[in-house]
S.K.: 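Structure provided below as structure tokens; questions to follow.
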Number of protein chains: 2
Amino acid sequence: MSLTHAILVLLTDCAQSGYDLAKQFDGSVGFFWQASHQQIYRELGKLEAQQWVEVEAIAQAGRPDKKLYHLTELGKQHLISWMEQPCDLSRTREALLVKMFAGNLVPRDVILQELERHHDLHTKQLALYRDIEQRHFANPQALPIEAQFRYLTLRKGIGYEADWLAWCEEAIQLLS
Amino acid sequence: MSLTHAILVLLTDCAQSGYDLAKQFDGSVGFFWQASHQQIYRELGKLEAQQWVEVEAIAQAGRPDKKLYHLTELGKQHLISWMEQPCDLSRTREALLVKMFAGNLVPRDVILQELERHHDLHTKQLALYRDIEQRHFANPQALPIEAQFRYLTLRKGIGYEADWLAWCEEAIQLLS
DNA sequence: ACCCACATGTAATGTGTTACATGATTTT
DNA sequence: AAAATCATGTAACACATTACATGTGGGT
């Protein structure tokens, strides 16, 4: 499993606390890998046990210590060897398609409304991605290499949402 | 969670054993909802406890009884009320994008080879879907309504694979 | 002789979700 | 005065994966 690796990847950028990581899993990385803060804290404990990360405790007035997690050299090597290995295709679980599979059990309108609703949601997410694209990645060729990789993950998000949108439209048309 | 509902959906077609269901989760439905046979057997136990399915034991010479699971009226009603409720967007976990996020940690070729490999896998899956499309859904407008729903799930599969393919090509081009 | 399909399951482990818990500071 | 943000965690439960287990019949 690669919640492990998703965390290590984030720590290559800079040392972070569990809290910081949780926020990243809510935004950028969260677009293709989700994790709750509880998962992250538990995983950080394991990573520390394996010596893939080191903790730096930062005392804070009237709060629990902030624990800054640093990637160790061992952790970095582990990450690199994971990156060098082929990974499986992801397996998705699409509740909407389960519904579609038995669409004839409910009135047509129920399905059409659900399709419209998803159409809306994907429209909004696509707009969000396109906005990020315009503001941060206007000229992809000119980007430094690290940014090109980030750009490509965004491009996948855009393709993903656009594909859903197109499909919703096709479905609505066929069923209307 | 909707492994529950995926199973109920399959049982609307006809009564099936756990083994039969497992096979379907390997093919058709498995394209958008995966489940191992162990998950299915456990879930069937729960469905029975809720009286959403009924078991018909079929004795077989020299083998364990085949347990045919029938959808009950109660089960059907439960399924319908689930279908009437809006469902969440699925959240995917894409290991390949985690890799891409930190692509600069490894030599360019490692990433390019992985992209080529995924390009191949998606090409094959797309060809498989297109083949099913041509053989079973040549004329979508003329299909009976149940088949139109099945057709639409296939269309989503085609879109999904085509989107991955396009992205792989874009990524390979940008990084080359 | 060996493997595959049929047909079911237990057990252990790993992952993910939800609820609960604490307590200060900043914003509304 | 209430709510949100910062910052961490425990505990219980639900769901998923992997390995192990059993035993027949048919094909190569």
Side-chain angles (χ1 to χ4, degrees), chain A residues 1-8 10 15-27 29-30 32-50 53 55-69 82 87-95 98, chain B residues 1-8 10 15-27 29-30 32-50 53 55-69 82 87-95 98:
Chain A
M1 265 313 287
S2 45
L3 172 57
T4 310
H5 305 106
I7 291 176
L8 294 178
L10 287 176
Q16 299 185 62
S17 69
Y19 190 84
D20 297 332
L21 289 166
K23 271 187 298 180
Q24 291 216 251
F25 276 98
D26 243 45
V29 200
F32 50 88
W33 202 279
Q34 300 82 38
S36 64
H37 79 274
Q38 296 85 344
Q39 269 179 283
I40 292 163
Y41 285 121
R42 184 173 33 175
E43 194 64 31
L44 283 169
K46 287 185 200 171
L47 295 182
E48 200 188 341
Q50 309 248 204
V53 299
V55 190
E56 176 192 0
I58 295 185
Q60 298 184 120
R63 292 187 187 178
D65 282 5
K66 180 178 199 147
K67 291 178 168 183
L68 259 195
Y69 289 88
W82 173 74
C87 62
D88 290 336
L89 297 181
S90 70
R91 298 187 283 157
T92 54
R93 292 189 149 100
E94 300 290 351
V98 173
Chain B
M1 262 313 289
S2 47
L3 173 56
T4 310
H5 306 107
I7 291 176
L8 293 178
L10 287 176
Q16 298 184 62
S17 67
Y19 189 85
D20 296 332
L21 289 167
K23 271 187 298 180
Q24 290 215 251
F25 276 99
D26 242 44
V29 200
F32 50 86
W33 202 278
Q34 300 82 39
S36 64
H37 78 276
Q38 295 85 346
Q39 269 179 283
I40 292 163
Y41 285 121
R42 182 177 34 169
E43 195 64 30
L44 284 169
K46 287 186 201 171
L47 295 182
E48 200 189 342
Q50 307 250 202
V53 300
V55 190
E56 176 192 1
I58 296 186
Q60 299 185 119
R63 290 186 190 181
D65 281 5
K66 180 177 200 147
K67 291 179 168 182
L68 259 195
Y69 289 88
W82 174 73
C87 62
D88 289 337
L89 297 179
S90 69
R91 298 187 284 156
T92 54
R93 291 190 150 97
E94 300 290 350
V98 173

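Naming: A, B, ... by sequence-line order, numbering from 1 per chain. When reading the values below, keep in mind they use all heavy atoms of this one structure, side chains included, and skip hydrogens, waters and symmetry mates.
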S.K.: Kindly calculate the angle separating the two end axes of the helix from C:dA1-D:dT28 to C:dT28-D:dA1, each obtained from five base pairs, and round it to 10 degrees.
M.R.: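 For the helix from C:dA1-D:dT28 to C:dT28-D:dA1, the axes at opposite ends meet at about 40°.
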
S.K.: Need to verify one output field. Residue with the more 5' nearest nucleotide on DNA chain C, B:Lys67 or A:Ala35?
M.R.: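 Of the two residues, B:Lys67 wins.
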
S.K.: Which is more 5' along DNA chain D, the nucleotide nearest A:Tyr69 or the one nearest A:Arg42? Just name the residue.
M.R.: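 Whichever sits nearer the 5' end wins; that is A:Tyr69.
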
S.K.: Got a list of protein N/O to nucleotides 18-20 of chain D N/O distances below 3.5 Å?
M.R.:
| unit_1 | atom_1 | unit_2 | atom_2 | d |
| --- | --- | --- | --- | --- |
| D:dA19 | N6 | B:Gln38 | NE2 | 3.1 |

S.K.: Is B:Tyr41 near enough to C:dT8 that one of its side-chain N or O atoms lies under 4.0 angstrom from OP1 or OP2?
M.R.: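 Checking C:dT8 against B:Tyr41, a side-chain N or O does come within under 4.0 Å of OP1 or OP2.
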
S.K.: Would you say B:Tyr19 reaches C:dT8's phosphate, i.e. side-chain N/O to OP1/OP2 under 4.0 Å?
M.R.: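 B:Tyr19 to C:dT8 OP1/OP2: no side-chain N or O under 4.0 Å.
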
S.K.: Are the side chains of B:Arg93 and A:Ser90 in touch, meaning some heavy atoms are under 4.5 Å apart?
M.R.: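 No, side chains not in contact.
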
S.K.: Just N and O in the side chain of B:Gln39: are any of them under 4.0 Å from OP1 or OP2 of D:dA16?
M.R.: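 Yes, such a contact exists.
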
S.K.: In this structure, which one of A:Trp33, A:Phe25, A:Tyr69 forms a side chain to side chain contact (heavy atoms under 4.5 Å, CB included) with A:Leu10?
M.R.: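 Going through A:Trp33, A:Phe25, A:Tyr69 one by one, the side chain to side chain contact (heavy atoms under 4.5 Å, CB included) with A:Leu10 is satisfied by A:Phe25 alone.
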
S.K.: Considering only heavy atoms, which members of residues 43-50 of chain A lie under 4.0 Å from some atom of DNA chain D?
M.R.: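 Listed by number, there are none.
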
S.K.: Check the distance between C:dG16's C1' and A:Leu3's CG and give it to me in whole angstrom.
M.R.: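 Spelled out: CG on A:Leu3 to C1' on C:dG16 is 10 Å.
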
S.K.: What's the closest nucleotide to the side chain of A:Ser17 if the choices are D:dT8, C:dA7, D:dC6?
M.R.: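 Ranking D:dT8, C:dA7, D:dC6 by closest atom to the A:Ser17 side chain puts D:dT8 first.
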
